[in-house]
Number of protein chains: 2
Amino acid sequence: MYKPKLEKDIRCPLEYGLEIFGGKWKSRIICVLAEKKTLRYSVLRGEMSNITDAVLAATLKELLADGIVFRQQFNEIPPHVEYSLTDKGKSVVPILQSICQWAGIYHHENTECSLPQCQKCDYHSKK
Amino acid sequence: MYKPKLEKDIRCPLEYGLEIFGGKWKSRIICVLAEKKTLRYSVLRGEMSNITDAVLAATLKELLADGIVFRQQFNEIPPHVEYSLTDKGKSVVPILQSICQWAGIYHHENTECSLPQCQKCDYHSKK
DNA sequence: CCGCATCCCTTTGGATACTG
DNA sequence: CAGTATCCAAAGGGATGCGG
């Protein structure tokens, strides 16, 4: 039985912001796109181990709706789709950087990302 | 029936950070404590409309475990408990500030917090 | 006064199979 | 290639009532 989504609480800007990039895969997708600039769907999925299509597609949809990513469809043979960050999307990267820096100070046990696909977090400390 | 928590994924610093203050009430609690410095449990609850004891207590426990808040118990008559931010907790406030600023730019529909208890978000723009 | 126990509902994330 | 459909599991959040 389908149940319509309940009216969301009115949220302050802070909570709005956390909604945008606070999801389980969202920050990771933003990081990857920030580093690689433009990626096809299948390549993007390859960069994120263990994510399934259902989840990746749903997450990209949200990011698209929130204006974080840009989606370009190529109706060639074979067809493909490319994703990249919008300006809005790019503007969150410094915030993710600062979170990563902060966490690096306190999260001693695992300062280096141990997930290969998460080496993209290195983006935050590079340069 | 009690079910043990599954082993958490290994997370990069960024995701660790989002875990700390990304929960539904966490940022709000941090904001309130950042402004009021020290609050009794009951007063803190009063500052957050609609939160229930079960949720507030659980959230405070997490923040305590993560070293964000400090808990001082007074075994007087009547007994009470006071919560305040640790140094680690205080150090996340600038990050919340930057998120709030960023969101203010893009979240035009609701730039001003419309929840009274969330006027604490003004903390981020004050001064 | 503070906060836990219990039970329940909603939301989110995921596995598998399948399609334009 | 780039997803959707379906079904399901787990976690988060919440209401109520009790206990130190």
Side-chain angles (χ1 to χ4, degrees), chain A residues 1-9 11 15 18-29 33 38-66 69-84 117, chain B residues 1-9 11 15 18-29 33 38-66 69-84 117:
Chain A
M1 167 89 78
Y2 174 73
K3 283 180 230 164
K5 206 162 190 175
L6 291 176
E7 184 97 30
K8 286 227 169 188
D9 290 350
R11 297 252 172 144
E15 285 164 332
L18 289 171
E19 232 174 59
I20 300 279
F21 52 82
K24 171 155 185 194
W25 298 99
K26 288 181 176 179
S27 65
R28 216 178 276 194
I29 291 173
L33 286 178
T38 294
L39 287 180
R40 292 178 167 225
Y41 179 87
S42 52
V43 179
L44 182 54
R45 186 185 45 204
E47 293 283 334
M48 332 249 305
S49 80
N50 296 334
I51 199 170
T52 61
D53 281 322
V55 175
L56 177 55
T59 307
L60 284 172
K61 239 179 180 173
E62 281 182 67
L63 291 172
L64 191 63
D66 287 332
V69 303
F70 175 69
R71 179 184 189 277
Q72 193 170 12
Q73 189 163 344
F74 295 85
N75 292 319
E76 307 158 353
I77 315 288
H80 69 278
V81 178
E82 289 182 358
Y83 288 94
S84 53
Q117 78 279 11
Chain B
M1 167 87 81
Y2 173 73
K3 285 179 231 167
K5 207 162 190 174
L6 292 175
E7 186 96 29
K8 286 226 171 189
D9 289 349
R11 298 254 172 144
E15 286 164 330
L18 289 170
E19 231 175 58
I20 299 278
F21 52 81
K24 172 156 185 191
W25 297 100
K26 289 181 175 179
S27 65
R28 216 177 275 195
I29 291 173
L33 286 178
T38 293
L39 287 180
R40 297 168 78 133
Y41 178 88
S42 51
V43 178
L44 181 55
R45 188 184 45 204
E47 293 282 333
M48 331 249 307
S49 79
N50 297 335
I51 199 171
T52 61
D53 280 322
V55 175
L56 178 55
T59 306
L60 285 171
K61 234 180 182 175
E62 281 182 66
L63 290 172
L64 192 63
D66 287 331
V69 303
F70 176 71
R71 181 184 190 278
Q72 192 169 14
Q73 190 164 344
F74 295 86
N75 293 318
E76 306 160 352
I77 315 289
H80 70 278
V81 178
E82 288 181 358
Y83 288 94
S84 53
Q117 78 279 11

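First the proteins, then the strands, lettered A, B, ... as listed; each starts at 1.
Between the two ends of the helix from C:dC1-D:dG20 to C:dG20-D:dC1, each summarised by a five-pair axis, the helix axis turns through 50° (rounded to 10 degrees).
Distance check, rounded to the nearest 0.5 Å: CE of A:Met48 to OG1 of A:Thr59 gives 7.5 Å. Interatomic distance, A:Asn75 CG to A:His80 NE2, rounded to the nearest 0.5 Å: 10.0 Å. The distance from atom OG1 of B:Thr38 to atom CG of B:Leu44, rounded to the nearest 0.5 Å, is 11.0 Å.
Rounded to whole Å, atom P of C:dT12 lies 17 Å from atom CG of A:Leu56. To the nearest angstrom, C1' of D:dG20 lies 11 Å from CG of B:Asn75. Counting to the nearest Å, the C1' atom of D:dC1 and the CD atom of A:Glu76 are 12 Å from each other. The CD atom of B:Glu62 sits 15 Å away from the P atom of C:dG3 (whole-angstrom rounding). Across the protein-nucleic acid pair, B:Met48 atom CE and C:dG3 atom P stand 14 Å apart, rounded to whole Å. Rounding to whole angstrom units, CG of residue B:Leu64 and P of C:dC2 are separated by 15 Å. Taking atom CG of B:Leu18 as the reference point, atom P of C:dG13 lies 13 Å away to the nearest angstrom. In this structure, A:Ile51 places its CD1 atom 16 Å from P of C:dT16, rounding to the nearest Å.
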With B for base contact, S for sugar-phosphate-only contact and - for none (protein heavy atoms under 4.0 Å), nucleotides 2-9 of chain D reads SBBB----
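You'll find the side chain of A:Leu18 reaches within 4.5 Å of the side chain of B:Phe21, heavy atoms only. Side chains of B:Ile29 and B:Tyr83 form no contact here, defined as non-hydrogen atoms less than 4.5 Å apart. Residues A:Leu60 and A:Arg71 form no side-chain contact, since every pair of their non-hydrogen atoms from C-beta on lies 4.5 Å or further apart.
Looking at A:Thr52, A:Val55, A:Leu39, A:Ile51 one by one, the single match for side chain to side chain contact (heavy atoms under 4.5 Å, CB included) with A:Arg45 turns out to be A:Ile51.
Residues B:Ile20 and B:Lys26 approach most closely at O-CD, 3.0 Å, considering heavy atoms.
For C:dT11, neither phosphate oxygen OP1 nor OP2 lies less than 4.0 angstrom from any side-chain nitrogen or oxygen of B:Lys24. The phosphate of C:dG14 (OP1 or OP2) has a side-chain N or O of A:Trp25 nearer than 4.0 angstrom.
Applying the side chain to side chain donor-acceptor pair (under 3.5 Å) test to B:Arg40 and every residue at least two apart in sequence or in another chain returns nothing.
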